[in-house]
There are 2 protein chains.
Amino acid sequence: MRASDKAYAALRDDIIEWRLAPGTVLAEVEQSERLGISRTPLREALSRLTAEGLTTTAGGRGVVVTDISLEDIDELFELRETLEGKAAALAAERGDAATFEQLRNELCQAPSLISAGDPARHDYYGLVGRLDTAIDAAIHNSYLAQAMRSLRVHLVRVRRLAADDAERLTAAAAEHAAIAEAIAAGNPRLAEAATTLHLHRSLSHVKATHTPQ
Amino acid sequence: MRASDKAYAALRDDIIEWRLAPGTVLAEVEQSERLGISRTPLREALSRLTAEGLTTTAGGRGVVVTDISLEDIDELFELRETLEGKAAALAAERGDAATFEQLRNELCQAPSLISAGDPARHDYYGLVGRLDTAIDAAIHNSYLAQAMRSLRVHLVRVRRLAADDAERLTAAAAEHAAIAEAIAAGNPRLAEAATTLHLHRSLSHVKATHTPQ
DNA sequence: CACAAGGCGTATGTATACAAAGCTGCCAGT
DNA sequence: ACTGGCAGCTTTGTATACATACGCCTTGTG
């Protein structure tokens, strides 16, 4: 693995997991020494982060971790609803029914994973990730898939702001199951509606449990 | 202006204007000598191009200019319809009516620009660009605006494939005027419909006049 | 004659040294 | 006391030298 990839992954995780707070300046020498690499690969990592919008160049004083405000979250979900709604509809038109039927069944049994505690809860997140992957593959549109991937980076960051209590996760699992069911049924409008519903509830939950820093 | 910015702009233009054909390998030393800069800023330029999808790293043999096939164009317009449709609707809800009313009037007089020949035709492209900019500003959503900006790079490349004859440009001006009018009227569904119509006609024109390389 | 293994060459990946540009703080003048 | 400018320092931007890895050609062997 290249040193620049390592630096990129490390910094990206640090930002997403809120170990690096918004406003933190990432000086090149400081970070390169911390990660044990040279400035050159670090600069490439910072470029990639800036291209993704996780950092911005603050002219002269290095790059800083971008802030993410409440308005940002509204904008983020507005775009997310547009992209994922379309993706769900396309998946319903073009996807393989059996794949999503299988995912629906697993999602219906997800509540047992959620209530089982932390290690099993990780399996639940993996299951949701598989649904995302399946939709990405089903839409047959690399540009749309790319746009959603770049969006998910920011969404993970937002999710860390909210309390992922068992109650909300159980409800979310049911909403995901509804999406999978609609896609398996080949009903584009239903799939889009189920996605819209899920995203609105997610947004409400984030805003309700948001803890101001 | 930084050397890396210069290199990025030069390579980006070369690719968009089809002076660098798909499949062309961009060796670092070769390009850095051609542009009169060192390898370091050139590498940053190539990174940015790759992040945008104009080039891809071909594992070991440098970065190559990405191809753009007919399926790509379909996918591109599918995403474009999703994003620009939503943007037009949001602009109708949130935009300033006077701004778009003004743009509509100018677009209605665009045919005279188009028929006047090449130098004036450049003014027409500028006018369409101003409409895009006005929509970007009106939606008040930086993530959506960013997604559309990254798409437009590829769209300019596609546009160069099609013959931009006066007939099509005149029709396109009328379609743009319809979009501006719907936004000025504050009618989201109409604005989205006008955008959908325009994009479908654009796509049809591109596919009809597409000259296989 | 064909296939495989090894060496050579050229490509990218990394480190470091140098240059230039911006911010910070101080000092002097009003 | 406040403001403007200057000097110093810290920062990023660039160039170049070195390391490394991959591909390709050559050569030897089955």
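Below, chains carry the letters A, B, ... as their sequence lines are ordered, and counting in each starts from 1. From a predicted model like this one, the values you see are computed outputs, not experimental measurements. Just so you know, these numbers use all the heavy atoms, side chains as well, and skip hydrogens, waters and symmetry mates.
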Side-chain donor/acceptor pairs under 3.5 Å, residues 83-93 of chain A, sequence neighbours excluded:
from: A:Glu84; atom 1: OE2; to: A:Arg80; atom 2: NE; distance (Å): 3.1

Exercise. According to a strict under-4.0 Å criterion, is A:Arg2 in side-chain N/O contact with OP1 or OP2 of C:dT14?
Worked result: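 For C:dT14, OP1/OP2 do not have a side-chain N/O of A:Arg2 under 4.0 Å.
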Tell me the interatomic distance from [X], atom [atom1], to [N], atom [atom2], rounded to whole angstroms.
X: B:Leu46; N: C:dA11; atom1: CG; atom2: P; result: 14 Å
X: A:Arg43; N: D:dT11; atom1: CZ; atom2: P; result: 14 Å
X: A:Glu30; N: D:dT12; atom1: CD; atom2: C1'; result: 14 Å
X: A:Leu35; N: C:dT14; atom1: CG; atom2: P; result: 13 Å
X: A:Leu26; N: D:dT11; atom1: CG; atom2: C1'; result: 14 Å
X: A:Met1; N: C:dT14; atom1: CE; atom2: P; result: 11 Å
X: A:Glu33; N: D:dT10; atom1: CD; atom2: P; result: 14 Å
X: A:Glu44; N: C:dA15; atom1: CD; atom2: C1'; result: 14 Å

Problem set entry | Residue met sooner reading DNA chain C from 5', once A:Pro41 and B:Val29 are mapped to nucleotides |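 The residue closer to the strand's 5' end, by nearest nucleotide, is B:Val29.
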For this session: Determine, stepwise, if the pair A:His205 / A:Asp165 fulfils side chain to side chain donor-acceptor pair (under 3.5 Å).
Result: CA-CA 10 Å; A:His205 180 255; A:Asp165 52 288; 3.1 Å; yes
Keeping [X] on the side-chain end and [Y] on the backbone end, is there a donor-acceptor pair under 3.5 Å?
X: A:Asp132; Y: A:Gly129; value: no
X: B:Arg94; Y: B:Ile139; value: yes
X: B:His198; Y: B:Thr196; value: no
X: B:Thr24; Y: B:Val65; value: no
X: B:Ser4; Y: B:Ala45; value: no
X: A:Thr55; Y: A:Thr50; value: yes

Problem set entry | Under 4.0 Å protein heavy-atom contact, by nucleotide of nucleotides 16-23 of chain C - B base, S sugar-phosphate only | BB-----S
Exercise. Of the nucleotides C:dG13, D:dT14, C:dA15, which one has an atom closest to the side chain of B:Glu28?
Worked result: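 The answer is C:dG13.
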For this session: Assign A:Thr57 to base, sugar-phosphate, or nothing according to its heavy-atom contacts below 4.0 angstrom with the strands shown.
Result: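 Nothing: the residue A:Thr57, judged by heavy atoms under 4.0 Å, touches no strand.
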Exercise. Roughly how bent is the helix from C:dC1-D:dG30 to C:dT30-D:dA1 end to end, in steps of 10 degrees, with each end axis from five pairs?
Worked result: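 That helix gives 10° between its end axes.
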Problem set entry | Counterpart residues, side chain to side chain donor-acceptor pair (under 3.5 Å), relative to A:Glu30 (two or more places apart) |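 Listed in chain order: nothing, the list is empty.
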For this session: May I ask you to list the residues of residues 48-56 of chain A, by number, that have any heavy atom positioned under 4.0 Å from an atom of DNA chain C?
Result: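 Heavy-atom cutoff 4.0 Å gives no residues at all.
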For this session: Indicate whether the side chain of B:Thr133 and that of B:Asp136 have a donor and an acceptor atom separated by less than 3.5 Å.
Result: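 Per modelled atom types, B:Thr133 and B:Asp136 side chains form no pair under 3.5 Å.
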For this session: Indicate whether the side chain of B:Glu75 and that of A:His140 have a donor and an acceptor atom separated by less than 3.5 Å.
Result: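 There is no such pair (donor and acceptor under 3.5 Å, judged by atom type) between the side chains of B:Glu75 and A:His140.
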For this session: Provide the full list of salt bridge (charged side-chain N to carboxylate O under 4.0 Å, His left out) pairs with a residue in residues 39-59 of chain A, sequence neighbours left out, each pair given once.
Result: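 Output for this query lists A:Asp5-A:Arg48, A:Glu28-A:Arg39, A:Glu28-A:Arg43, A:Arg43-B:Glu44, A:Glu44-B:Arg43.
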